[in-house]
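As structure tokens, the structure follows; a few thoughts come after it.
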Number of protein chains: 4
Amino acid sequence: MAAVCTIVHHRAVTAPSQRHGDPARVEPTAPPHAIDRLAERFAQVRARSAALAAPLSAEDAMVQSMPDASPAKWHLAHTTWFFEQFVLGTVPGTRPLHPEWAYLFNSYYQGVGPMHARPKRGLLSRPALEAVLAWREAVDARLQRALHHGALEPALLDVLELGLHHEQQHQELLLTDILHALWCNPLQPAYCDDLPTPVSDASALQWQHYDEAMVEIGAPPWPAREAAFAYDNESPRHRVLCQAFAIAQRPVSNAEFRAFIEDGGYRQPALWLSDGWALREQEDWQHPLYWDAGLDHAFTLAGLRPLDPHAPVCQLSLYEADAFARWAGARLPTETEWERAAGDATPSAHDNFVESGLLQPRGRAGTGMRQLLGDVWEWTASAYLPYPGYRPWPGTLGEYNGKFMSGQCVLRGGSCASPRSHLRASYRNFFPPSARWQFAGLRLAKDAT
Amino acid sequence: MAAVCTIVHHRAVTAPSQRHGDPARVEPTAPPHAIDRLAERFAQVRARSAALAAPLSAEDAMVQSMPDASPAKWHLAHTTWFFEQFVLGTVPGTRPLHPEWAYLFNSYYQGVGPMHARPKRGLLSRPALEAVLAWREAVDARLQRALHHGALEPALLDVLELGLHHEQQHQELLLTDILHALWCNPLQPAYCDDLPTPVSDASALQWQHYDEAMVEIGAPPWPAREAAFAYDNESPRHRVLCQAFAIAQRPVSNAEFRAFIEDGGYRQPALWLSDGWALREQEDWQHPLYWDAGLDHAFTLAGLRPLDPHAPVCQLSLYEADAFARWAGARLPTETEWERAAGDATPSAHDNFVESGLLQPRGRAGTGMRQLLGDVWEWTASAYLPYPGYRPWPGTLGEYNGKFMSGQCVLRGGSCASPRSHLRASYRNFFPPSARWQFAGLRLAKDAT
Amino acid sequence: MAAVCTIVHHRAVTAPSQRHGDPARVEPTAPPHAIDRLAERFAQVRARSAALAAPLSAEDAMVQSMPDASPAKWHLAHTTWFFEQFVLGTVPGTRPLHPEWAYLFNSYYQGVGPMHARPKRGLLSRPALEAVLAWREAVDARLQRALHHGALEPALLDVLELGLHHEQQHQELLLTDILHALWCNPLQPAYCDDLPTPVSDASALQWQHYDEAMVEIGAPPWPAREAAFAYDNESPRHRVLCQAFAIAQRPVSNAEFRAFIEDGGYRQPALWLSDGWALREQEDWQHPLYWDAGLDHAFTLAGLRPLDPHAPVCQLSLYEADAFARWAGARLPTETEWERAAGDATPSAHDNFVESGLLQPRGRAGTGMRQLLGDVWEWTASAYLPYPGYRPWPGTLGEYNGKFMSGQCVLRGGSCASPRSHLRASYRNFFPPSARWQFAGLRLAKDAT
Amino acid sequence: MAAVCTIVHHRAVTAPSQRHGDPARVEPTAPPHAIDRLAERFAQVRARSAALAAPLSAEDAMVQSMPDASPAKWHLAHTTWFFEQFVLGTVPGTRPLHPEWAYLFNSYYQGVGPMHARPKRGLLSRPALEAVLAWREAVDARLQRALHHGALEPALLDVLELGLHHEQQHQELLLTDILHALWCNPLQPAYCDDLPTPVSDASALQWQHYDEAMVEIGAPPWPAREAAFAYDNESPRHRVLCQAFAIAQRPVSNAEFRAFIEDGGYRQPALWLSDGWALREQEDWQHPLYWDAGLDHAFTLAGLRPLDPHAPVCQLSLYEADAFARWAGARLPTETEWERAAGDATPSAHDNFVESGLLQPRGRAGTGMRQLLGDVWEWTASAYLPYPGYRPWPGTLGEYNGKFMSGQCVLRGGSCASPRSHLRASYRNFFPPSARWQFAGLRLAKDAT
């Protein structure tokens with residue numbers, strides 16, 4: 001039933017213009033300077049979104065299986081609206097192509113107008129997926145034109161850069177949301193039938209020890225001169241006293257999590273945070289969201305697959321991650337500890353990001369800190385709060401991150417559904433502690449003894 | 001955006017086989033006896049469902065805008081399941097084409113197995129609309145073959161007949177459900193942009209007077225020899241003492257209902273049933289569901305249109321209909337009164353059914369009882385309860401009507417979305433008193449004075 | 001812990017004035033004419049309410065265990081408000097003693113002003129029970145004075161009469177609501193520890209047969225000259241064609257209902273109305289509300305007691321009653337059938353009303369129609385709808401009954417918690433089909449064969 | 001209606017035994033060593049709970065106006081259960097006086113057994129308040145006997161000490177919960193009519209500046225030798241790098257908060273955290289919980305009183321506090337900043353605690369850090385999370401604090417309803433950000449510039 005999906009990882013690096021043969025847009029004759037690199041990156045990122053949606057029918061792309069998730073079509077449209085609203089919208093003489101769609105595809109930017117109720121995104125049969133894709137191409141063409149004609153002042157180039165990172169976030173959500181949507185269908189169709197099965201293995205857990213130290217975490221504020229892109233919530237870079245601790249060299253595996261379950265982990269309130277236990281009882285959690293009752297299969301983007309014992313466990317809420325850690329006599333690391341342990345790690349081709357085309361976590365034996373970036377997001381013990389001296393971006397884009405700084409927890413590292421160029425060691429992802437549908441697992445930590 | 005929809009009323013009488021050129025199925029050489037007539041009627045009814053769905057994209061056909069409504073695709077699939085389950089399913093040697101779909105498309109027949117949760121019908125992106133339509137054709141072909149080969153014993157021919165009436169019910173629901181779905185979209189797209197505007201006029205209300213009499217209502221039990229088709233809930237035909245009363249010659253019009261609103265009808269609790277007033281307050285009803293705040297436009301299957309003052313008011317809950325009647329110094333008729341007034345009325349080509357292609361009610365001036373059948377369902381003062389001596393059909397099909405005999409009210413007459421051959425004067429439609437999304441209005445009645 | 005409660009049945013017939021030695025109020029020198037009889041009856045009814053509340057602490061009298069139930073204190077206050085609002089309130093020169101309490105104790109009379117939200121009645125620690133009781137006495141004294149001084153015009157005497165029947169209704173609710181409240185307390189305290197255990201027996205079910213006939217049911221409109229008191233919803237008396245039927249001579253017993261349970265009655269959807277089955281599943285009903293899981297004890301006003309096999313089953317919803325009847329191959333009677341079978345039955349000292357002091361149903365062997373009045377209310381197959389020609393009382397008191405004529409079912413006969421003088425064969429009680437906390441059972445009926 | 005309440009502050013320091021004349025318990029002949037001091041403190045703390053409940057009727061003491069709040073009776077009983085369960089329960093030969101009450105009055109200690117559902121605490125009319133008070137006295141007597149007979153081993157003396165702090169927490173909750181309960185009553189009765197009106201004044205806001213420093217916060221683990229009492233969540237004492245900041249010398253006043261409202265603070269989403277704005281819209285917040293619509297009166301434990309412009313604003317959620325701070329161009333302090341600013345502050349007789357008998361916050365003019373302890377709890381920017389190296393107490397008492405470390409925010413300082421001896425600068429109170437019914441306000445902070 002599902003389409004042949006090799007396009008997911010191949011097509012993803014192909015700009016849409018190449019698919020449609022518009023040479024003017026594809027191969028600017030200008031020398032490869034900053035604008036050109038930005039234009040190329042724009043084309044690539046935008047193309048990947050479409051490629052990720054390509055295995056989906058228009059019907060698939062419309063499912064909203066819970067208020068927290070959005071339809072794939074909505075992701076495609078919202079990211080386009082972002083460029084039209086915040087980049088093209090401020091270019092003199094440019095009017096939106098579909099002004100009446102702004103209401104539909106504004107997510108939460110109160111500063112630019114009212115918006116469609118989030119839980120009702122799945123009711124939008126119109127505009128059709130076709131129309132949204134056409135809109136994407138039209139907006140892309142306008143943006144490329146504006147770029148190449150120098151119509152975007154430097155500040156807008158920054159917003160364009162932000163828009164690309166924004167779109168990459170939605171690429172991951174598109175995958176996690178469609179996974180949930182398909183899981184809700186009793187037929188349990190695969191997003192993609194022919195995903196490769198990862199070659200997976202694992203080493204025994206080893207503790208990496210760190211002494212007390214004053215460490216520096218975070219990123220310099222962007223967009224200042226010379227600063228690499230980072231979200232406002234990663235800045236300012238600042239010093240923190242980090243006490244001595246130990247951290248596992250790799251995330252917790254499915255096999256380890258299964259041992260927790262078999263030891264009654266889901267039946268012992270003493271292991272759980274109070275809110276977590278209440279939720280567990282109310283929703284009768286017995287195992288990670290997509291596992292089957294026999295604890296030996298899990299639903300993946302490739303459909304139901306045997307559980308890989310070596311792969312990092314995922315689709316955990318913070319509550320489950322925290323209960324596991326307590327059961328294991330350990331705890332979650334703070335984000336300071338995590339970032340210290342990550343050191344100067346940068347995403348590499350060996351890490352398991354969306355580009356690997358696996359679309360599921362994979363175990364990787366070995367010693368030394370590993371799998372920090374990619375595979376699974378790692379819940380930390382840290383609440384999602386502003387860093388000392390934090391300033392949201394000015395204007396409406398200040399709503400991007402700052403207003404969510406209550407009730408959420410920080411995750412670090414990135415997942416098998418994250419684009420590689422989207423990640424860095426200072427990246428702060430955040431979700432409510434109850435969220436179970438992400439590629440989210442954990443890495444153990446403990447106090448120094 | 002909406003398709004040109006003339007097919008709605010033209011294509012509807014064309015069998016699908018003709019569209020696909022399968023002569024074996026289309027033009028049986030057998031003489032036009034009972035089986036042939038049934039086969040032809042089967043082809044026509046099935047074709048109309050597809051025709052009604054034709055203006056919809058696969059995305060439109062998937063929207064479920066509230067738990068009470070179903071996606072168009074679901075209607076197309078469920079009616080097909082009905083034939084596969086209850087007719088083909090009992091033919092030796094026949095196995096369902098998609099056994100795993102039974103769970104998805106069983107509505108409420110506990111006797112044949114469990115079913116998908118009703119509020120989650122909108123999550124079913126798979127099977128695709130295409131696949132459902134292909135299934136429809138395959139089941140139709142099987143059924144036609146079975147019919148023509150004499151493989152269906154007489155009792156199954158009766159179930160087939162029932163299945164056609166069942167499908168006609170869902171044709172109306174397909175229209176009322178998609179109207180609600182499209183209304184929920186802020187873009188308010190039309191089901192069909194080019195629906196004709198009815199020529200509408202109205203006469204002043206006239207009371208028709210009836211003396212006390214012993215009357216006979218209901219229909220003989222079907223399928224007994226020589227009985228025309230009727231649902232089990234219409235039988236047995238029985239005598240009722242009907243007291244003297246008067247009844248309006250026509251339904252209440254939009255202009256009359258607007259006067260009620262302008263007189264503060266939605267602000268006076270004394271006019272309302274207690275449950276109705278509580279709901280009105282909770283959901284802040286100010287006018288019929290699809291009217292705009294200015295009381296001069298209403299959302300229709302043709303999109304937003306000026307309100308036709310002469311046309312019967314529709315999309316009322318029982319509570320609104322009842323409050324209007326009280327405001328008017330009148331009341332709703334009982335179903336006995338209604339059926340007595342309807343007398344031997346039969347659906348005719350002058351009545352406004354789905355075949356008229358208007359898909360909205362229309363005013364029709366004149367004297368004498370009129371517009372009893374078609375235009376709008378008419379709420380009655382009668383609860384939906386069994387007639388004296390009522391027996392549900394035996395077996396699982398006994399779940400069709402009988403188990404809903406609590407908490408609902410009877411509506412009579414049929415609407416502009418009902419197929420003409422589906423209706424008769426004894427027909428008992430039923431909905432909860434809170435239901436607002438049907439083509440449901442009212443006709444006034446009063447006690448004799 | 002519970003008080004010695006013999007006062008319930010003894011004190012109940014003693015006027016409160018006698019308890020407090022106010023001879024002026026107790027023994028009017030006037031001859032025993034109509035006013036005196038009304039005054040005496042007023043004193044008796046009012047005294048019984050206080051007596052029924054006497055076993056309760058101020059704390060008990062404040063519990064509201066669900067939105068449908070009210071605290072005992074609220075019942076005591078609301079019935080007093082009724083007299084102050086509708087009788088004393090229209091006497092010139094009389095001002096309410098506590099005008100600010102009207103908001104608290106108006107139940108649902110929109111015509112006289114706004115009201116406290118029903119689900120929040122249990123939050124009213126003030127006024128204190130003491131204060132409410134004092135108010136009762138003050139209002140009683142005012143009313144007695146007004147009566148004896150001829151200050152009440154005839155229409156107000158009618159409202160006073162209505163107020164007494166109103167208060168009797170609340171006496172029954174006080175008992176059923178406190179039973180629910182105490183049952184919700186894990187300590188399961190008794191309302192009254194020393195209630196006698198009924199001597200109970202039962203005869204085998206016998207069918208009483210009735211031929212088709214034109215019958216007359218209902219009561220003449222009150223307050224017309226010479227009409228006995230009846231609620232507006234019982235009138236007008238009118239003719240109905242009643243088809244031949246049979247009806248059981250007694251209600252269904254606990255033993256019979258237990259057989260239904262043991263035969264899987266709560267596990268077979270085919271026996272249930274659709275709404276009932278959905279509710280049963282949602283709330284996991286396994287037996288009548290107050291039965292224990294072993295099916296051999298039930299919680300009563302005397303605390304947990306062994307289930308009496310002969311006594312009529314009670315605390316059923318309509319759904320359970322209806323499912324039992326279907327299991328038994330029978331059905332519920334219509335209210336016409338019930339009233340016809342009741343004939344000219346009048347409440348007698350042999351019937352089990354609140355005056356018996358048992359406060360639970362009791363089996364009574366014998367032949368011939370029996371236990372029609374008292375013991376348990378009997379669910380009928382009839383929706384609570386207006387009789388032909390029904391007119392609500394004029395003015396605000398028209399809200400008493402008429403506005404509830406949707407979504408409810410009729411019960412007939414009265415219960416062990418009903419005051420005897422409150423009942424008659426034409427009495428129409430009504431509750432939603434989901435209501436489980438009343439002394440409500442059933443009597444089987446069936447079509448003539 | 002409300003009692004004369006001078007007992008609140010006078011009786012509070014009188015041991016109950018003195019009220020009942022049991023000299024054996026009151027004046028132990030032993031010299032005033034540690035046991036005696038503990039016994040005396042036990043008597044005082046326990047007496048204050050009863051004194052705080054004294055103005056309440058048994059009915060008042062039963063109200064539960066929302067699931068988050070508990071009835072006063074429940075507080076009285078739960079604190080008693082704590083001693084019976086955790087102190088007396090482990091003394092050999094001691095059996096609980098009312099074993100069946102453990103289920104009712106266990107709050108959340110899963111380790112010692114199941115418990116009554118929190119939202120249903122208001123349904124417990126039994127045991128009566130009288131019975132609970134008698135139980136309190138009986139348990140107190142047992143405990144005093146055990147103390148004086150040396151029956152409690154040292155570890156149990158620690159639990160006893162903990163039990164006193166536990167009871168003091170509930171004393172504050174008893175006041176905030178009853179305030180909410182009385183506010184819910186449309187009569188708006190006072191807890192105590194004759195509370196004095198505070199003499200209140202205020203100085204202009206002044207910023208106190210702090211340079212970057214390594215600071216030490218928290219308390220040493222108790223019960224280690226020589227450690228003063230502190231909850232487990234305050235330990236370990238640890239170093240934190242604290243960046244330069246400024247903090248206001250006093251909390252925000254009612255007058256300042258009113259200016260925020262009048263400037264449209266409740267209408268500008270840009271000022272609010274996303275979750276807070278959603279809640280504000282859903283519940284239509286327009287001002288602090290107990291203010292009237294005119295912004296010039298507020299409901300207090302003394303009933304409705306004119307708003308004191310100088311007094312610290314209270315009954316704020318974190319969301320409102322945070323929005324105010326953003327409007328003021330400032331932010332909330334972190335708990336590190338707050339504790340650093342508090343320095344070695346200790347509760348003094350000049351601070352406004354429950355002992356002042358005001359039971360509402362009061363403004364106090366002056367320079368220098370002030371009103372840190374008492375008046376109002378101050379929301380901080382810190383999530384309630386474990387300190388580095390945190391270890392919950394062993395055993396069931398480990399459930400006291402640790403399992404709530406998700407979804408809550410830290411408040412510091414104590415309020416006008418806190419007992420003085422309960423507080424210290426390292427104290428960490430915590431509530432969900434949505435909680436509005438506490439004496440919770442804020443103090444502004446800002447980054448150094």
Side-chain angles (χ1 to χ4, degrees), chain A residues 108-111 118 212 214-215 236 238-245 268-278 317-319 322 326 331-332 334 336-337 381-392 395-396 398-399 401-410 432-434 447-449, chain D residues 108-111 118 212 214-215 236 238-245 268-278 318-319 322 326 331-332 334 336-337 381-392 395-396 398-399 401-410 432-434 446-449:
Chain A
Y108 55 66
Y109 295 90
Q110 306 263 6
R118 180 176 185 130
E212 183 184 281
M214 185 70 73
V215 300
H238 62 288
R239 287 173 306 141
V240 183
L241 178 66
C242 180
Q243 307 208 346
F245 71 103
Q268 299 176 44
L271 295 173
W272 293 68
L273 287 165
S274 181
D275 287 351
W277 183 252
S317 63
L318 170 109
Y319 299 127
D322 173 85
R326 194 167 290 109
R331 60 169 173 80
L332 299 178
T334 63
T336 294
E337 290 166 346
S382 299
Y384 176 53
L385 290 173
Y387 281 163
Y390 166 67
R391 291 282 174 280
T396 300
E399 297 187 56
N401 279 311
K403 70 182 183 183
F404 301 108
M405 290 178 172
S406 76
Q408 312 219 35
C409 301
V410 172
S434 57
D447 299 337
T449 48
Chain D
Y108 54 66
Y109 296 90
Q110 307 262 6
R118 179 175 187 130
E212 183 184 283
M214 185 69 73
V215 299
H238 62 286
R239 287 175 305 144
V240 183
L241 178 67
C242 180
Q243 306 209 348
F245 71 104
Q268 299 177 43
L271 295 174
W272 293 68
L273 288 165
S274 180
D275 287 351
W277 183 253
L318 170 108
Y319 299 126
D322 174 85
R326 193 167 291 109
R331 60 168 171 82
L332 299 177
T334 64
T336 295
E337 290 165 346
S382 298
Y384 176 54
L385 290 173
Y387 281 164
Y390 166 68
R391 289 284 174 278
T396 300
E399 296 188 56
N401 279 310
K403 71 182 182 184
F404 301 107
M405 289 176 173
S406 75
Q408 312 219 35
C409 300
V410 172
S434 57
K446 60 180 183 183
D447 298 337
T449 48

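Below, chains carry the letters A, B, ... as their sequence lines are ordered, and counting in each starts from 1.
Contact count against chain A (heavy-atom pairs under 4.5 Å) is highest for D:Ser406 among D:Pro386, D:Ser406, D:Ala448, D:Ala270. For chain D, the option among A:Pro388, A:Ser382, A:Gly407 with the highest count of heavy-atom pairs below 4.5 Å is A:Pro388. Contact count versus chain A (heavy atoms, under 4.5 Å) is highest, among D:Gln268, D:Met405, D:Lys446, for D:Met405. When A:Ala383, A:Pro269, A:Ala381 are compared by the number of non-hydrogen pairs under 4.5 Å with chain D, A:Pro269 comes out ahead.
Heavy atoms of D:Phe245 lying under 4.5 Å from chain A are absent altogether. Contact of A:Ala244 with chain D is not made at all, since no heavy-atom distance falls under 4.5 Å. Residue D:Glu212 touches chain A through its side chain alone, counting heavy-atom pairs closer than 4.5 Å. The part of A:Gln243 that comes within reach of chain D is its side chain, from C-beta onward, which places non-hydrogen atoms under 4.5 angstrom from that chain. Residue contact with chain D, scored on non-hydrogen atoms closer than 4.5 Å, involves the backbone and the side chain of A:Leu273 alike. Neither the backbone nor the side chain of A:Tyr384 has a heavy atom closer than 4.5 Å to any heavy atom of chain D. For A:Trp272, the part sitting under 4.5 Å from any heavy atom of chain D is the backbone (N, CA, C, O) and nothing else.
Annotation: the span from D:Ser274 atom OG to A:Glu399 atom CD amounts to 8.5 Å, rounded to 0.5 Å. Going from atom CG of A:Leu241 over to atom SG of D:Cys242 covers 12.0 Å, rounded to the nearest 0.5 Å. Separation of atoms CG (A:Leu332) and CG (D:Leu385) is listed at 11.0 Å; rounding is to 0.5 Å.
Under the 4.5 Å side-chain criterion, counting only non-hydrogen atoms from C-beta, D:Asp447 is in contact with A:Arg391.
Ion pairing between A:Lys403 and D:Asp275 fails under the 4.0 Å rule for side-chain N and carboxylate O.
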